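Being a predicted model, the structure only gives us computed values, none of them experimental.
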Amino acid sequence: MVVASRTYVSPLRQQRAEANRLRVIEAAADLFAERGYSGARLCDIAERAGVSEGTVRAAGSRSFLLLEAFRTRYAGSGGWESLDEQETARSIYDIDEPEAAMEAVVDFLARGHAASAGLWVVIRAAALTDAEVAAGFAELVQLKGESFLHTTRWMTGLGLLPEPVDDDALRSLTDQVTVAMSAESYLLLTEDHRLDDGQYRSWLRRRLRGLGP
Amino acid sequence: MTADKGEEPVEKRRYVSPLRRERAAETRAGVVEAAAEMFLQHGYEGATVARIAAAAGVSVDTVVNTGPKPHLLLDAFQARSTGEAGPGTMVGPSFGPAVAAVTGPDEALDMVVELVAAAHAASAGLWTIIRATARTDPRIAEAFDELRQSRDASYDAVVDWLVDLGAVPAPADPAAHRLDGRLALSAEHYHLLTADCGMDGAEYRSWLRSALVSAG
């Protein structure tokens, strides 16, 4: 009987576990953004999520929670390996009409950064000094690089960006796209220079079109 | 005060020995530099006064007398970016003296690129820590606001100066041009390009140069 009860996975229990995990991620996102990496302890996250500390531990280490909170806020779901495998992003890459594609990219970034840029600041600073965050961050940066390369190729294919003549030109174009689409540009524009959402979108369109063929 | 045990204590207190003042300044610079290292290694919270004291080779009291931790963080950034030991900064007024020596537009652009790249290389990590800490510590937040204002004013002045010299084309839209200039010159873009995109110093310099020329 004991063995049987272990192998049986209750759909209800599984659903509840997933709901709890999402609450933990949300609570972690709020607390890391409010208090910074070192200011948000597992017990604080448990209290905010209304779950036990054991449930928080089961969801992941503190460094994992920070990165997962960012992924969830930025792209709408966590655990992605690369943006082109993520649901929302993939539905954008399916668009083949250039103007609609440009608008979809601008909308994805404006929403994603608005929800996650505060966490990005925390991650970047924590990655300088915390070995675990640094390891997760290195993976994230790697994926980010692949995603921007993928996005650059996709926009080139749609005629939104010039066809690079060689690998160096592709790398240089990808760097330009990376800078334009970055959380860093978003933060500078909206936090430091007080652009509102509409103004940020206009800036991003102008910047991307400026790279155009 | 315990040091003033000799005769004529009043006289001794009033007299400030140049040697002692010089040593005090050296000690102070040492503490600030050790603080910079500890902030970069351990973060704002993790850089304890004890760690800073150990790294500087001074007593905890000496660190405490140098200033509270928020001041140490800001001083560490200023020291690294304006550089007693290093290059001029775009955040402070020390950009001034180098300007007088410039003779032509290309030289002006080279100088700006060089100064900015060197200042960021020395201080961008601390800037990242200040930005993150400003979100949670009101004392840092206030100073961060002031730093950003002086940074913006100084970047605008640099961009205007480059336009006046003909080092970059006159912009059709001056406001958009200034905004692009502020982004191009930022520590945030430096950090993004060198850390995430893997550019080396020469690649960053060449990127910054063309970003300034094509801004707006």
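- Options B:Q149, B:Q41, B:E203 differ in how many heavy-atom pairs under 4.5 Å they form with chain A, and the most are formed by B:Q41.
- Looking at B:D152, the atoms closer than 4.5 Å to chain A (heavy atoms on both sides) all sit in the side chain, from C-beta outward.
- Options A:A183, A:A138, A:G118 differ in how many heavy-atom pairs under 4.5 Å they form with chain B, and the most are formed by A:G118.
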Evaluate A:D192 against B:R182 for salt bridge (Lys or Arg N to Asp or Glu O under 4.0 Å), listing each step before the verdict.
CA-CA 10 Å; A:D192 293 16; B:R182 288 179 181 186; over 6 Å; no

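- Between chain A and the residues B:D196, B:T136, B:L179, the most heavy-atom pairs under 4.5 angstrom are made by B:D196.
- Remark: A:S185 OG to B:E188 CD distance equals 9.0 Å, nearest 0.5 Å.
- Contact count versus chain B (heavy atoms, under 4.5 Å) is highest, among A:L189, A:L187, A:T178, A:L195, for A:L189.
- In this structure, B:C197 SG and A:Q176 CD are separated by 10.0 Å, a value rounded to the nearest 0.5 Å.
- The contact between B:L193 and chain A is made entirely by side chain atoms (from C-beta outward), counting heavy-atom distances below 4.5 Å.
- Between B:R131 and A:E191 there is a salt bridge, since a side-chain N of the basic residue sits under 4.0 Å from a carboxylate O of the acidic one.
- The candidate from A:D130, A:V122, A:V179, A:T174 with the greatest count of non-hydrogen atom pairs under 4.5 Å with chain B is A:V179.
- Heavy atoms closer than 4.5 Å to chain A are found in both the backbone and the side chain of B:T128.
- Considering every non-hydrogen atom in both A:V121 and B:A132, the closest pair reads CG1-CA, 3.5 Å.
- A:E184 CD to B:H191 NE2: the interatomic distance, rounded to the nearest 0.5 Å, is 8.0 Å.
- Contacts between B:F39 and chain A at a heavy-atom distance below 4.5 Å involve the backbone alone (N, CA, C, O).
- Note on A:R206 versus B:D180: salt bridge recorded, some NZ/NE/NH1/NH2 to OD/OE distance being below 4.0 Å.
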